[in-house]
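In listed order, ligands and their atoms are each counted from 1.
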Amino acid sequence: MGHAAYAEMVNRLRAHQASLDTSDLRWRREQLRVMRDMIVEQEERIFDALHADLRKCRVECHLTETGFVLGELSHALAQMERWSRPLRTPTPIYLQPAGSRVVWEPLGVALIIGTWNYPFQLVMAPLVPAIAAGNAAVLKPSEMAPATSAVIGELVPQYLDPDVVAVVEGGVPETTALLEQRFNRIFFTGSTRVGRIVMQAAARHLTPVTLELGGKSPCIVDGSARVELAARRIANGKFATAGQTCVAADYVLVQREIADEFVGAVADAIRQFYGPDPQESPDYARIIDRHHHRRLDELLEDGEAAVGGAHNESDLYVAPTVLRGVDDGSTVMQEEIFGPILPVVDATDAEEALAFVNERPRPLALYLFAEDDEVVERVTHATRAGGMCVNETVMHLPVPGLPFGGVGQSGMGTYHGEWGFREFSNPRAVLDHGTRFDLSLRYPPYSERDESLLRRMRG
Ligand code: NAD
């Protein structure tokens with residue numbers, strides 16, 4: 001598709017979207033229901049595609065891809081009427097009689113660019129609030145997960161209204177051409193590097209952007225933590241999808257006295273989850289491609305593998321690995337790992353861990369394992385992060401009332417549930433001033449008495 005064809009596609013979506021009554025929720029509901037039917041009826045095909053791209057197992061596919069989007073859909077269908085209601089707010093006395101409200105207005109046409117690690121979820125989950133808020137959208141799935149991209153490219157036009165949602169498959173040239181078009185929101189999930197390219201392109205049209213980026217999400221294990229439980233939950237969040245999860249714990253800062261016990265407990269958890277040889281486990285995913293496999297091979301050199309360490313390029317396999325003895329300045333401690341390698345670093349206490357975290361860019365997620373409430377309070381308020389879990393990792397994502405997004409270098413803007421609805425809406429301010437009465441004080445010429453009365457009215 002060339003530039004003219006993209007322009008024609010966006011114009012067609014915009015013209016249709018603009019023709020719809022902004023208060024009409026029926027077509028939005030209809031599209032969301034059809035999307036639900038698509039996922040329910042075609043779930044096996046979606047699973048097959050995800051298996052082909054990442055060798056994800058069925059339960060993981062359901063939990064983190066199809067089931068996740070179904071959860072967002074049910075929540076939106078149940079709540080969108082409430083979300084769409086105008087938000088009333090008091091009007092100052094000198095403007096009475098009047099009513100003030102916020103009306104949630106659709107933005108227009110959204111561009112949703114996804115990445116490959118959750119290739120279905122990361123384009124379909126943002127589509128839910130885009131439609132719930134009354135927008136049209138262009139989806140650009142990741143070319144690095146070609147089977148899932150092809151399934152999205154085939155199923156979406158088959159189920160959803162082509163005047164509301166279009167799919168463009170492709171890589172850098174296609175995304176670059178799309179970014180030349182004028183959209184009303186660009187919702188991008190991917191790397192910080194490409195996030196900058198997207199934001200620059202958006203600046204040309206002054207298009208607002210949501211950037212769901214990555215980075216190094218730290219995990220602090222305090223001396224008061226329940227070590228075995230912490231190890232199990234951290235390993236579960238880290239090694240699902242072979243560590244290729246934006247919110248996976250990137251590294252662990254563990255209180256020195258319990259470090260060995262913790263590493264032993266992570267080894268036990270890996271054995272329980274994936275058996276003696278994870279390469280043989282049907283539940284353990286693969287690395288997306290050879291480039292990333294080589295990148296991870298090199299990161300393995302940055303420490304000693306206390307657990308795992310095996311890798312096999314022809315099978316795109318990297319074992320669930322715990323690295324010890326890593327240097328702060330090494331690549332594995334400087335760049336986002338995005339793979340099944342977990343550096344475990346000793347810290348004297350929570351204060352030292354806090355200082356370590358705060359010296360680095362604000363992460364997408366921060367995890368803390370502690371039973372001591374004072375430590376929980378201290379870490380919660382003395383750090384900055386897009387999201388946080390206490391005694392858990394990753395599981396803040398499926399809670400529909402919690403906003404999901406980054407801060408600083410890990411991104412901007414939020415979605416999931418009502419937060420997504422608002423992200424894809426313009427909060428239009430509407431003041432409806434009554435006409436029965438017109439306060440003369442507000443009009444010139446002004447007297448001293450007018451001024452004093454106006455001041456008193458302001459309170
Ligand atoms: P990426 O940034 O290379 O690609 C993402 C999308 O951008 C793809 O659709 C791709 O086609 C497009 N793209 C790539 N290069 C481009 C260019 N030069 N111009 C225009 N478009 C381009 O993705 P990646 O680095 O492989 O993804 C991994 C990153 O994504 C990690 O940093 C991870 O943490 C992050 N991530 C974040 C979230 C989140 O929700 N915050 C979720 C998943 C992944």
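- Under a 4.0 Å N-O distance rule, the pair D297/R294 does not qualify as a salt bridge.
- In summary, of the residues considered (R36, Q42, Q31, E154), a side-chain hydrogen bond (donor to acceptor under 3.5 Å, both in side chains) with Y159 occurs for Q42 alone.
- Taking only nitrogen or oxygen atoms, main chain and side chain alike, I197 does not reach within less than 3.5 Å of ligand 1.
- Counting only distance, with no hydrogens or angles, the side chain of T175 and the backbone of G171 share a donor-acceptor pair below 3.5 Å.
- Distances below 4.0 Å separate heavy atoms of L364 from the following atoms of ligand 1: 41 (N).
- Within the set S191, G411, G195, G215, the minimum heavy-atom distance to atom 25 (O) of ligand 1 is found for S191.
- When only interatomic distances are considered, the shortest N/O to N/O separation between T115 and ligand 1 falls below 3.5 Å.
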Subject >> Verdict with supporting geometry, R360 and K216, side chain to side chain contact (heavy atoms under 4.5 Å, CB included) >> reply: CA-CA 9 Å; R360 288 162 175 75; K216 293 182 85 64; over 6 Å; no

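- More than 12 heavy atoms of other residues, nucleotides or ligands sit less than 6.0 Å from atom CE of M9.
- The shortest contact between atom 35 (C) of ligand 1 and any protein heavy atom is with G190 O, 3.2 Å.
- In this structure W419 satisfies the ring-ring contact (aromatic ring centres under 6.0 Å, His included) test with no other residue, sequence neighbours excluded.
- Distance from atom 11 (O) of ligand 1 to its nearest protein heavy atom, with residue and atom name: E143 OE1, 2.7 Å.
- In this structure, G114 has a heavy atom closer than 4.0 Å to ligand 1.
- Residues M388 and V379 form a side-chain contact, since some pair of their non-hydrogen atoms from C-beta on lies under 4.5 Å apart.
- Interface of L122 with ligand 1, defined as ligand atoms under 4.0 Å from a residue heavy atom, comprises 42 (C), 43 (C).
- Between R295 and E335, no side-chain nitrogen of the basic residue sits less than 4.0 Å from a carboxylate oxygen of the acidic one, so the salt-bridge criterion is not met.
- What sits closest to atom 7 (O) of ligand 1 on the protein, heavy atoms only, is F188 CE1, 3.4 Å.
- Taking atom 40 (O) of ligand 1 as the reference point, the nearest protein heavy-atom neighbour is F404 CE2, 3.3 Å.
- Taking atom 17 (C) of ligand 1 as the reference point, the nearest protein heavy-atom neighbour is V172 CG1, 3.7 Å.
- A donor and an acceptor atom, one from each side chain of E169 and S149, are located under 3.5 Å apart.
- The contact set between ligand 1 and E212, taken as ligand atoms under 4.0 Å from a residue heavy atom, comprises 37 (C), 38 (C), 39 (C), 40 (O), 41 (N).
- For ligand 1, the polar-atom distance check against E336 finds a nitrogen or oxygen pair separated by under 3.5 Å.
- Considering each of G170, C246, A248, the one bringing a non-hydrogen atom nearest atom 37 (C) of ligand 1 is C246.
- Listed by number with element, the atoms of ligand 1 under 4.0 Å from a non-hydrogen atom of K140 are 8 (C), 9 (O), 10 (C), 11 (O).
- With a 4.0 Å cut-off on non-hydrogen atoms, V198 does not touch ligand 1 at all.
- One finds a salt bridge joining E44 and R58 here, because a Lys/Arg side-chain nitrogen approaches an Asp/Glu carboxylate oxygen to under 4.0 Å.
- One side chain, N184 or R14, offers a donor N or O that lies under 3.5 Å from an acceptor on the other.
- Looking at N117 next to ligand 1, no N or O pair under 3.5 Å apart turns up.
- For ligand 1, the atoms sitting less than 4.0 Å from at least one non-hydrogen atom of I113 are 6 (C), 7 (O), 9 (O), numbered in the order shown with element in parentheses.
- Nearest protein heavy-atom contact of atom 22 (C) of ligand 1 is V194 CG1, 3.4 Å.
- Contact annotation: for V247 versus ligand 1, there are no heavy atoms closer than 4.0 Å.
- A salt bridge links D346 with R324: the closest approach of a Lys/Arg side-chain nitrogen to an acidic carboxylate oxygen falls below 4.0 angstrom.
- At a 4.0 Å cut-off, at least one heavy atom of W116 sits close enough to ligand 1 to count as contact.
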**OP:** Decide yes or no on ring pair (Phe, Tyr, Trp, His ring centres under 6.0 Å) for F356 and Y251, but give the supporting numbers first.
**Re:** CA-CA 12 Å; F356 190 95; Y251 60 91; 5.7 Å; yes

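- With hydrogens and angles ignored, the 3.5 Å screen pairs no side-chain donor or acceptor of R384 with any backbone N or O of N358.
- Ranking protein heavy atoms by distance to atom 12 (C) of ligand 1, first place goes to T175 OG1, 4.2 Å.
- Counting heavy atoms under 4.0 Å from ligand 1, residue T189 touches it through both backbone and side chain.
- Among all protein heavy atoms, the one lying closest to atom 28 (C) of ligand 1 is F338 CE2, 3.6 Å.
- With Y118 as the fixed residue, the side-chain hydrogen bond (donor to acceptor under 3.5 Å, both in side chains) test singles out one of T241, T189, T64: T241.
- Contacts between L213 and ligand 1 below 4.0 angstrom, taking non-hydrogen atoms only, involve the backbone exclusively.
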